[in-house]
K.L.:
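Would you mind keeping the following structure in view while I ask a few things?
So you know, we letter chains A, B, ... as the sequences are listed, proteins then strands, and number each from 1.
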2 protein chains.
Amino acid sequence: MATNRRERQREATKTEIRDAARAQLTAGGPNSISLRAIARDMGLTAAALYRYYDSLDALVEDLCADRYDALTTEVLAARENGATPLDQLREACRAYRRWALRNPHEYALICGEPVIGTVHDHVESNPKGDAAMRFTLAFLEPFTAVWHARTTPPQPLVPGVAEALSGPNVETLRQALPIEGVAFFLIGWTRLSGAITMEIFGHLRWATDDTEPLFEQNLEDMLRQLTL
Amino acid sequence: MATNRRERQREATKTEIRDAARAQLTAGGPNSISLRAIARDMGLTAAALYRYYDSLDALVEDLCADRYDALTTEVLAARENGATPLDQLREACRAYRRWALRNPHEYALICGEPVIGTVHDHVESNPKGDAAMRFTLAFLEPFTAVWHARTTPPQPLVPGVAEALSGPNVETLRQALPIEGVAFFLIGWTRLSGAITMEIFGHLRWATDDTEPLFEQNLEDMLRQLTL
DNA sequence: TGGCAAAGTAAACGGCGTTAACTCTAATAA
DNA sequence: TTATTAGAGTTAACGCCGTTTACTTTGCCA
């Protein structure tokens, strides 16, 4: 390749920028990431960074997808620690929480406020959304195995759920699970993410300092309900 | 009172500041609240606002507590729409979600990233934390009634939960509920808040646009598990 | 070897939170 | 009633910030 060396250089610089941004994120949270500070750390001008990213927002979004993937990698690795699918699922959930506790600011970046009506035309590439989906799917395989080992039929669905879960992106789930399983999976994912988010964001600190037993209780309740 | 008139003026100005801040919050989210813009809207100088708030952060924190209380008021009102305690609890949960959907940016302010090790010495007054606790307790009364109507004994707790739930602030809960009830209440609250937060922050949009049925399913599952 | 695209710089614009020194005004104390 | 004084507000500045424009340097390729 002719341009290969050039492009490798470019990619290396981009990585250096992301690393500098990550250092600021770890130190002071998402809002304290600053282009000028990154440039200062790297020994160049703020304007130079615009050769690599269109804006601060674009850089932050890239960083967000990057961190999402780091989390996904760790969750996938934790699955190996379980002998049965149920254990794999439990270990994946615990790894998720541990990562969030270890990297609270990165978790805040991942989980915090898009909020807006950013309808995001699904045509354009959406690296953050893709990373979010990859992460969610890291739980799907063991969940599916546990689900199919259920002994009793699931509770009937509330009217409207089946119709709501018919979008193009749930196809991956529908291939692996019946509609009741898809609903359970999404609700469970909401429950897991919600529990961790509440904990990281400090919304449980008024009640207790030692939040781990409560998480374990929550997790076991969830898994018991899943296995019936 | 001699100083009464002065102080009423002062309080009125503070309210006007909060209202201006709230308008910016509604329009562009927590990060777009700006002292200079508030001053511009009110027809005075940014420096003048420092007569009323020590910093932008202090203003935002006050606004946050204020919005928390607005949410609490609405949840308390919704309880009246239920005949039985179970219905009251359901209506309270639905009102919580409706408020969040109607005021997503205000919800982001309430629920978003404190995250940091802001250990918050519990001596100093903490209006936001107090408001958060008042909100949580808005669900306690109907929950307690439903809990006491249970027919079967609760699942045994994971080891360590009882010890973790012994802080000073859980006293209010302990007076109304046995330890298993306290755990269930906190986990349920986590589950409810988590579900709403995930929905508002857009973390379910990859799966479906119509998230209401999923929430209803989640809620009914929760209430069924509570009533056994 | 000349040209050309990429990388980087300098300087400016407007916006931000915050501070310090000042004026004015209205309630209070003599 | 008048002098004092505390509070409200202004002006001007400081040092950050993201972003843009016009410029210079650098190193690859034909």
Side-chain angles (χ1 to χ4, degrees), chain A residues 1-25 27-64 105 109 112-114 116 118, chain B residues 1-25 27-64 105 109 112-114 116 118:
Chain A
M1 277 296 154
T3 59
N4 208 336
R5 181 199 184 86
R6 265 289 234 253
E7 284 181 8
R8 256 187 302 131
Q9 252 306 332
R10 189 181 166 77
E11 213 48 48
T13 306
K14 263 185 125 164
T15 301
E16 196 186 341
I17 294 172
R18 261 199 314 269
D19 285 350
R22 183 167 165 242
Q24 294 180 224
L25 171 64
N31 282 337
S32 60
I33 302 176
S34 134
L35 278 184
R36 293 189 113 109
I38 292 169
R40 230 177 287 127
D41 288 355
M42 294 178 62
L44 38 74
T45 310
L49 298 177
Y50 284 81
R51 298 279 167 202
Y52 300 92
Y53 286 101
D54 284 346
S55 68
L56 175 63
D57 276 354
L59 163 57
V60 168
E61 181 134 335
D62 192 28
L63 179 63
C64 183
H105 285 127
L109 174 66
E113 41 168 327
I116 9 156
T118 324
Chain B
M1 278 296 155
T3 59
N4 207 337
R5 181 199 183 85
R6 237 1 196 211
E7 285 181 7
R8 255 187 302 130
Q9 253 305 335
R10 188 181 166 77
E11 214 47 50
T13 307
K14 263 186 124 162
T15 301
E16 196 187 342
I17 294 173
R18 261 200 315 270
D19 284 350
R22 183 165 166 245
Q24 294 180 224
L25 171 64
N31 282 336
S32 60
I33 302 176
S34 134
L35 279 184
R36 293 189 114 109
I38 293 169
R40 230 177 287 129
D41 287 356
M42 294 179 62
L44 39 75
T45 310
L49 298 178
Y50 284 82
R51 297 278 167 205
Y52 300 92
Y53 288 101
D54 283 345
S55 67
L56 175 63
D57 277 354
L59 164 57
V60 168
E61 180 135 337
D62 193 28
L63 179 63
C64 184
H105 285 129
L109 174 66
E113 41 167 327
I116 8 156
T118 324

K.L.:
Taking CG from B:Leu49 and C1' from C:dT19, how many angstroms apart are they, rounded to a whole number?
P.N.:
14 Å
K.L.:
Quick one: is D:dG9 close enough that its OP1 or OP2 comes under 4.0 Å of any side-chain N or O from B:Tyr52?
P.N.:
yes
K.L.:
In whole Å, I'd like the distance from the NZ atom of B:Lys14 to the P atom of D:dA8.
P.N.:
11 Å
K.L.:
Please determine whether a side-chain nitrogen or oxygen atom of B:Ser34 lies at a distance below 4.0 Å from atom OP1 or OP2 of C:dC16.
P.N.:
yes
K.L.:
Map A:Leu35 and B:Ala47 onto DNA chain D by nearest heavy atom, then report which one ends up closer to the 5' terminus.
P.N.:
B:Ala47
K.L.:
Looking at side-chain heavy atoms only, is the closest gap between A:Leu35 and A:Tyr50 below 4.5 Å?
P.N.:
yes
K.L.:
Please classify the nucleic acid contact of A:Ser55 as base, sugar-phosphate, or nothing, using heavy-atom distances under 4.0 Å.
P.N.:
sugar-phosphate
K.L.:
With a 3.5 Å distance limit and no angle check, can you tell me whether B:Thr45 reaches the backbone of B:Ala48 through a side-chain donor-acceptor pair?
P.N.:
no
K.L.:
In whole angstrom, give the distance that lies between atom CG of B:Asp54 and atom C1' of C:dT19.
P.N.:
13 Å
K.L.:
Quick one: does B:Arg51 reach the base of D:dG9 with a side-chain donor-acceptor pair under 3.5 Å?
P.N.:
yes
K.L.:
Could you work out which one of D:dT20, D:dG18, D:dT10 sits closest to the side chain of A:Leu56?
P.N.:
D:dG18
K.L.:
Want to settle it: does B:Ala48 or A:Asp57 sit nearer the 5' end of DNA chain D, counting the closest nucleotide to each?
P.N.:
B:Ala48
K.L.:
Let me know the distance between CE of B:Met42 and P of D:dT10, rounded to the nearest Å.
P.N.:
10 Å
K.L.:
For the residue pair B:Thr15 and B:Arg18, establish whether any side-chain heavy-atom pair is separated by less than 4.5 Å.
P.N.:
yes
K.L.:
With a 4.5 Å heavy-atom cut-off, do A:Ile33 and A:Leu63 have their side chains touching?
P.N.:
yes
K.L.:
Is a donor-acceptor contact shorter than 3.5 angstrom present between the side chain of B:Arg36 and the base of C:dG15?
P.N.:
no
K.L.:
D:dT10 P sits how many Å from B:Leu44 CG, rounded?
P.N.:
5 Å
K.L.:
Do any side-chain nitrogens or oxygens of A:Arg40 fall under 4.0 Å of OP1 or OP2 in D:dG15?
P.N.:
no
K.L.:
With a 4.0 Å limit, can you tell me whether A:Arg10 has a side-chain N or O closer than that to the phosphate oxygens OP1/OP2 of C:dA7?
P.N.:
yes
K.L.:
In whole angstrom, give the distance that lies between atom CD of A:Gln9 and atom P of C:dA5.
P.N.:
21 Å
K.L.:
From D:dT10, C:dA10, D:dT19, pick the nucleotide closest to the side chain of A:Ala46?
P.N.:
D:dT19
K.L.:
Whole angstrom is fine here: how far is it from CD in B:Glu7 over to C1' in C:dA27?
P.N.:
13 Å
K.L.:
Tell me, do A:Leu25 and A:Pro30 make a side-chain contact under 4.5 Å, heavy atoms counted?
P.N.:
yes
K.L.:
Does the side chain of B:Tyr50 get closer than 4.0 angstrom to OP1 or OP2 of C:dT19 through an N or O atom?
P.N.:
no
K.L.:
Separation of B:Glu16 atom CD from D:dG9 atom P, in whole Å?
P.N.:
10 Å
K.L.:
Does any N or O in the side chain of B:Gln24 come within less than 3.5 Å of the main-chain N or O of B:Ile38, such that one atom is a donor and the other an acceptor?
P.N.:
yes
K.L.:
Pick the closest DNA chain C nucleotide for A:Gly43 and for B:Ala37 by heavy atoms, then say which residue is nearer the 5' end.
P.N.:
A:Gly43
